[in-house]
Structure formats: structure tokens, C-alpha cells
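By convention here, the first residue in the shown sequence is residue 1.
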Amino acid sequence: QVQLVESGGGLVQPGGSLGLSCAASGSIFRVNAMGWYRQAPGKERELVATVTRGGTTNYADSVKGRFTLSRDNAKNTVSLQMNSLKPEDTAVYYCNAKLTFGTNLRQYDYWGQGTQVTVSS
């Protein structure tokens, strides 16, 4: 009953920029946090950037100063602006949302289908 719709991704040269967006839709009562994770070939999935409903952000050290995560709580949407991209940023990027339904306090993780970001000259 919940869907995360991702947009963006693509091929960009080192030093270039890309923007990713993710919107959560469906039967959602509360979004506790949203953000992006990524997984490169042969590596574990890792956090890129997340933001809570209260506005607390968390960035991976490798992207601080280059990536910016913004939110629109009213639209259940997050956007990731990626600047000064490096080849090591190449990965499949997955949107993540941590959701709560009604009065049930259990938090559920939802994931987008993933979008490819390739940084290469």
C-alpha cells in the first residue's frame, strides 16, 4: 500500500552534478525519516543522507559538503542534490522511507526500486 517513486540518475562526468527525487505515496499516516542509500558493485549498501521529520540530517562523511538533502514533509518528498561528483559515487541509489501507520508504533522500512548513478569520463 506504499510506493516510493524515484526520479533522476544517469551518467555524468567527474565534477558534474545530478539531482535525485523520491516521493512516498499511498496509505501513509506518518513519515518518520526519508533519505537515500547506495550500493556499488561488490560493496554493502550504505547510507548516503537521511533527514527526520524534525529536520535532523545525517550524511556520510564521503559526501559531506558535496551532497545536499532537502525535504518537503507536506508532500512526503525528499530531493538529493549531488555536486562535485566523483567516480567513487558510482552506485545504484535507493530511496528509503521509515514509516509509521496509525497508532501502531512499529516502524516499517520501504525502499524504492533503485536508480543508477554513473560518474565517468
Donor-acceptor contact below 3.5 Å, side chain [X] vs main chain [Y]:
| X | Y | answer |
| --- | --- | --- |
| Ser62 | Ala60 | no |
| Tyr37 | Ala49 | no |
| Arg66 | Ser84 | yes |
| Asn104 | Phe101 | no |

Check: Tell me, which pairs form a disulfide (SG to SG under 2.5 Å) where one or both residues lie in residues 49-85, sequence neighbours left out?
Finding: none
Notebook entry, point to check: Under the salt bridge (Lys or Arg N to Asp or Glu O under 4.0 Å) criterion, do Asp61 and Lys64 qualify, and how do the steps go?
Noted result: CA-CA 5 Å; Asp61 288 341; Lys64 288 180 179 177; 3.1 Å; yes
Find the distance between [atom1] ([X]) and [atom2] ([Y]) and round it off to the nearest 0.5 Å.
| X | Y | atom1 | atom2 | result |
| --- | --- | --- | --- | --- |
| Ser25 | Lys75 | OG | NZ | 14.0 Å |
| Thr103 | Leu105 | OG1 | CG | 7.5 Å |
| Thr68 | Asn83 | OG1 | CG | 6.5 Å |

Grab the two heavy atoms, one from [X] and one from [Y], that are nearest each other, plus how far apart they are.
| X | Y | result |
| --- | --- | --- |
| Met34 | Val31 | CG-CG1, 3.3 Å |
| Gln81 | Ser17 | NE2-CB, 3.8 Å |
| Val51 | Arg71 | CG2-CD, 3.8 Å |
| Ala23 | Thr77 | CB-OG1, 3.6 Å |

Checklist line | Geometric class of the Tyr93/Phe67 ring pair [parallel <30°, tilted 30-60°, perpendicular >60°] | finding: tilted
Are side-chain heavy atoms of [X] and [Y] found at a separation under 4.5 Å?
| X | Y | result |
| --- | --- | --- |
| Thr50 | Asn96 | no |
| Val78 | Leu69 | yes |
| Met82 | Leu20 | yes |
| Trp36 | Cys22 | yes |
| Tyr94 | Arg45 | yes |
| Arg30 | Leu99 | no |

Side-chain donor-acceptor distances from residues 114-121 under 3.5 Å, at least two apart:
unit_1, atom_1, unit_2, atom_2, d
Thr115, OG1, Gly8, O, 3.0
Gln116, NE2, Ala91, O, 3.4
Gln116, NE2, Thr118, OG1, 3.2

Next item on the list: Taking atom CD of Glu44 as the centre, report whether more than 12 heavy atoms of other residues, nucleotides or ligands fall under 6.0 Å from it.
Entry: no
